[in-house]
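The block underneath contains the structure these notes are about, expressed in structure tokens.
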Amino acid sequence: MSDNDQSNAPLTVEQIRMAKAALGWSNPMLAEKTGLHRNTLNRAENGDGKRSTLELLRHVFEAAGLEFISENGGGVGIRFRERKAL
């Protein structure tokens, strides 16, 4: 499975935390960008997020210029690609 095939895979807790750190976003900032309540974001970051929440987070993070890397034997991760203005 290539990295591009991971677009439907749910984000992991680690990927959510890495994405927030890479972008310098706090939960209040992420709540503003997604329209989600901070409690919803906290649940997602603690591994209790709904699939729809994880899909929205993936979309917002990808729009901010991140790509998500699959497990592929080396562990999940993130990386920057060309940044897009939000």
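Values below: all heavy atoms of this structure, side chains included; hydrogens, waters and symmetry mates excluded.
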Problem - With sequence neighbours excluded, residues passing side chain to side chain donor-acceptor pair (under 3.5 Å) with Asn42 - result: Asn27

Fill in the blank from the handout: Rounded to the nearest 0.5 Å, the CZ atom of Phe80 sits from the CG atom of Leu23 at a distance of 5.0 Å

Fill in the blank from the handout: Residues at least two apart in sequence or cross-chain that pass side chain to side chain donor-acceptor pair (under 3.5 Å) with Glu14, listed by chain then number, are Thr12

Exercise for the section: Could you tell me which non-hydrogen atom of Ala44 sits nearest to which non-hydrogen atom of Leu54, and how far apart they are? Expected result: CB-CD2, 4.2 Å

Exercise for the section: Identify, with sequence neighbours excluded, every residue that meets side chain to side chain donor-acceptor pair (under 3.5 Å) alongside Arg38. Expected result: none

Problem - Interatomic distance, Asp48 atom CG to Thr40 atom OG1 [nearest 0.5 angstrom] - result: 11.5 Å

Completion exercise
Residues passing the side-chain contact (heavy atoms from CB on, under 4.5 Å) test with His59, sequence neighbours excluded, are none

Handout entry: Stepwise side chain to side chain contact (heavy atoms under 4.5 Å, CB included) test for Leu30 and Leu36
Key = CA-CA 8 Å; Leu30 188 54; Leu36 296 172; over 6 Å; no

Problem - Common cluster, Met29/Leu56, ILVMFWY with side-chain heavy-atom separation under 4.5 Å - result: yes

Exercise for the section: Only counting residues at least two apart or in another chain, list the ones meeting side chain to side chain donor-acceptor pair (under 3.5 Å) with Thr53. Expected result: none

Handout entry: Hphob cluster co-occupancy, Val13 + Ile69, side-chain heavy atoms under 4.5 angstrom
Key = no

Problem - Nearest-0.5 Å distance, CD of residue Gln15 to CG of residue Leu66 - result: 10.0 Å

Exercise for the section: Return each pair, listed once, that meets salt bridge (Lys or Arg N to Asp or Glu O under 4.0 Å) where at least one residue sits in residues 15-25; pairs must be two or more places apart or across chains. Expected result: Arg17-Glu45, Lys20-Glu45

Practice task
Output yes when a side-chain donor or acceptor of Arg81 lies under 3.5 Å from a complementary backbone atom of Glu62, and no otherwise.
Solution key: yes

Handout entry: Full working for side chain to side chain contact (heavy atoms under 4.5 Å, CB included) between Leu11 and Phe61
Key = CA-CA 11 Å; Leu11 296 180; Phe61 289 141; 4.1 Å; yes

Handout entry: Atom pair CG/CH2 of Leu41 and Trp25 - distance to nearest 0.5 Å
Key = 11.0 Å

